[in-house]
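Everything numeric here is computed off the predicted structure, so don't read it as measured data.
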Amino acid sequence: MTMAFAEPGVRAARRPVLITGGAGFIGTNLADRLLRRGRRVRILDSLARPGSEANLRWLLAQHRTRLQIEIADLRDAARLGAAVSDVSTVFHLAAQVAVTTSLENPEEDFAINARGTLGLLEALRERGGEARLIFTSTNKVYGAIDDIELVRMERRYMPRNELARSGISETRALQFHSPYGCSKGTADQYVLDYARSYGFATAVFRISMAPRTRVGWPIS
């Protein structure tokens with residue numbers, strides 16, 4: 001589910017933007033884009049992912065004055081509460097991102113993706129739910145999508161159906177696959193329900209992307 005957010009007002013624009021998992025590939029590029037637009041950015045990241053420290057060094061070299069860094073696990077309630085205390089918007093990217101890892105350790109996968117997201121939502125609810133939350137979900141919530149016929153190209157497979165090439169419709173039924181799909185799908189639904197139940201301003205992006213650690217690549 002996607003929502004259009006208005007540009008923040010003057011007061012909101014003065015407050016920092018929080019990016020959980022902000023030392024990853026998407027988070028680094030997002031932080032760079034926001035910082036170049038003059039926004040203050042706070043990154044919360046455990047630096048568990050290889051390459052994340054190098055990403056932070058790159059960001060600091062580019063934007064030392066407006067960048068705040070909190071080295072902490074998403075599941076640390078006290079540190080998370082402090083990190084969200086004064087922000088206008090939260091981009092929630094922190095996650096366990098590998099299907100293979102989720103199969104090896106589904107409990108840890110659930111603790112980070114599902115329980116960690118619920119903890120973030122509760123931290124935001126405790127401060128009044130005024131911050132906007134943008135959550136990166138996954139296409140795994142739709143399952144294997146094995147009803148879409150694929151055609152083998154030179155270096156990849158592409159959907160035969162032209163409509164399928166433009167993306168999967170949000171009206172498609174959810175069918176979580178793998179522990180990773182279950183944990184991210186659970187988080188996905190919690191984010192949407194906090195909008196329904198508590199009036200949060202939220203958006204969920206169900207994306208698919210190969211993991212990278214290189215920095216300095218622009219966001220399209």
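The distance from atom CG of Asp109 to atom OG1 of Thr101, rounded to the nearest 0.5 Å, is 8.5 Å. Rounding to the nearest 0.5 Å places CG of Leu93 at 11.5 Å from CZ of Phe25. The CD atom of Gln68 sits 9.5 Å away from the CG atom of Leu18 when rounded to the nearest 0.5 Å. With rounding to the nearest 0.5 angstrom, the CG atom of Leu67 is 11.0 Å from the CD atom of Gln62. For the atom pair CZ (Arg160) and CD1 (Ile148), the distance works out to 13.0 Å, reported to the nearest 0.5 Å. Between Gln189 atom CD and Thr117 atom OG1 the span is 12.5 Å, to the nearest 0.5 Å.
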Q. Could you walk me through whether Asp73 and Ser46 pass the side-chain hydrogen bond (donor to acceptor under 3.5 Å, both in side chains) check?
A. CA-CA 5 Å; Asp73 192 290; Ser46 67; 4.9 Å; no
Q.
Under the criterion side chain to side chain contact (heavy atoms under 4.5 Å, CB included), I'd like the reasoning laid out for Phe135 against Leu192: C-alpha separation, chi angles, the key distance, then a yes or no.
A. CA-CA 10 Å; Phe135 174 61; Leu192 295 179; over 6 Å; no
Q: Begin with the C-alpha distance, continue with both residues' side-chain angles, and end with the deciding distance and a verdict on salt bridge (Lys or Arg N to Asp or Glu O under 4.0 Å) for Lys140 and Asp188.
A: CA-CA 11 Å; Lys140 300 298 185 294; Asp188 176 317; over 6 Å; no
Q: Show the numbers, then the answer: is there a side chain to side chain contact (heavy atoms under 4.5 Å, CB included) between Arg172 and Ile145?
A: CA-CA 10 Å; Arg172 187 181 182 90; Ile145 320 181; 3.5 Å; yes
Q) Does the side-chain hydrogen bond (donor to acceptor under 3.5 Å, both in side chains) test come out yes or no for Asn113 and Gln96, once each step is laid out? A) CA-CA 6 Å; Asn113 292 347; Gln96 190 298 110; 5.7 Å; no
Q.
What verdict does the side chain to side chain contact (heavy atoms under 4.5 Å, CB included) test give for Val41 and Leu59, after you've listed the backbone C-alpha separation in whole Å, the side-chain angles of each residue and the deciding distance to 0.1 Å?
A. CA-CA 11 Å; Val41 173; Leu59 278 174; over 6 Å; no
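Asp193 places no side-chain N or O within 3.5 Å of a backbone atom of Arg196 that could act as its donor or acceptor partner. Asp45 places no side-chain N or O within 3.5 Å of a backbone atom of Ile71 that could act as its donor or acceptor partner. A donor-acceptor pair under 3.5 Å is formed between the side chain of Thr136 and the backbone N or O of His92. In terms of modelled atom types and a separation under 3.5 Å, the side chain of Ser197 and the main chain of Tyr194 share no donor-acceptor contact.
For the residue pair Ala83 and Leu44, the shortest heavy atom distance occurs at CB-CD1, 3.7 Å. Between Ala114 and Ala187, the shortest heavy-atom distance links the atoms CA-CB, 4.4 Å. When all heavy atoms of Arg79 and Asp76 are compared, the pair lying nearest together is CG-OD2, 3.1 Å. Of all heavy-atom pairs between Val191 and Thr202, the closest is O-OG1, 3.4 Å. Of all non-hydrogen atoms in Ala131 and Val87, the two that sit nearest each other are CB-O, 3.7 Å. Residues Ser137 and Val204 approach most closely at CB-CG1, 3.6 Å, considering heavy atoms.
When the side chains of ILVMFWY residues are joined at heavy-atom separations under 4.5 Å, either directly or via intervening members, Phe110 and Leu118 end up in two distinct hydrophobic clusters. When the side chains of ILVMFWY residues are joined at heavy-atom separations under 4.5 Å, either directly or via intervening members, Ile134 and Ile43 end up in a single hydrophobic cluster. Follow the hydrophobic side-chain contacts under 4.5 Å out from Val84 and you never reach Ile112; the two are in separate clusters. By the rule that hydrophobic residues join a cluster once side-chain heavy atoms approach within less than 4.5 Å of another member, Tyr198 and Leu80 end up as members of one cluster.
Taking Ile, Leu, Val, Met, Phe, Trp and Tyr as members and joining any whose side-chain heavy atoms lie under 4.5 Å apart, directly or through other members, the hydrophobic cluster of Leu103 also contains Val99, Tyr180. Applying the 4.5 Å side-chain rule to ILVMFWY residues, one finds Tyr157 in the same cluster as Leu150.
For the pair Arg36 and Asp32, the salt-bridge criterion is met [side-chain N within less than 4.0 Å of a carboxylate O]. With respect to Arg115 and Glu122, no salt bridge is recorded, no charged nitrogen being found less than 4.0 Å from a carboxylate O. Salt bridge annotation for Arg42-Asp86: present, with a cationic side-chain nitrogen under 4.0 angstrom from a carboxylate oxygen. The pair Glu130-Arg15 counts as a salt bridge, with a side-chain nitrogen and a carboxylate oxygen less than 4.0 angstrom apart.
By the 6.0 Å and 45° rule, Arg125 does not stack over the aromatic ring of Phe200.
Checked by atom type, the side-chain pair Ser88/Arg14 shows no donor-acceptor distance below 3.5 Å.
Side-chain contact between Leu60 and Ile69 is present, with at least one heavy-atom pair separated by less than 4.5 Å. At least one side-chain heavy atom of Val97 sits less than 4.5 Å from a side-chain heavy atom of Arg49. In this structure, Thr89 and Leu133 have side chains that are not in contact, with every pair of non-hydrogen atoms separated by 4.5 Å or more. A 4.5 Å side-chain heavy-atom check between Val90 and Val17 finds every atom pair outside the cut-off.
Open room surrounds CD on Glu126; 12 or fewer heavy atoms of other groups in view lie less than 6.0 Å from it. By the neighbour-count criterion of 12 heavy atoms within 6.0 Å, atom CZ of Phe176 is densely surrounded, having more than that number from other residues, nucleotides or ligands.
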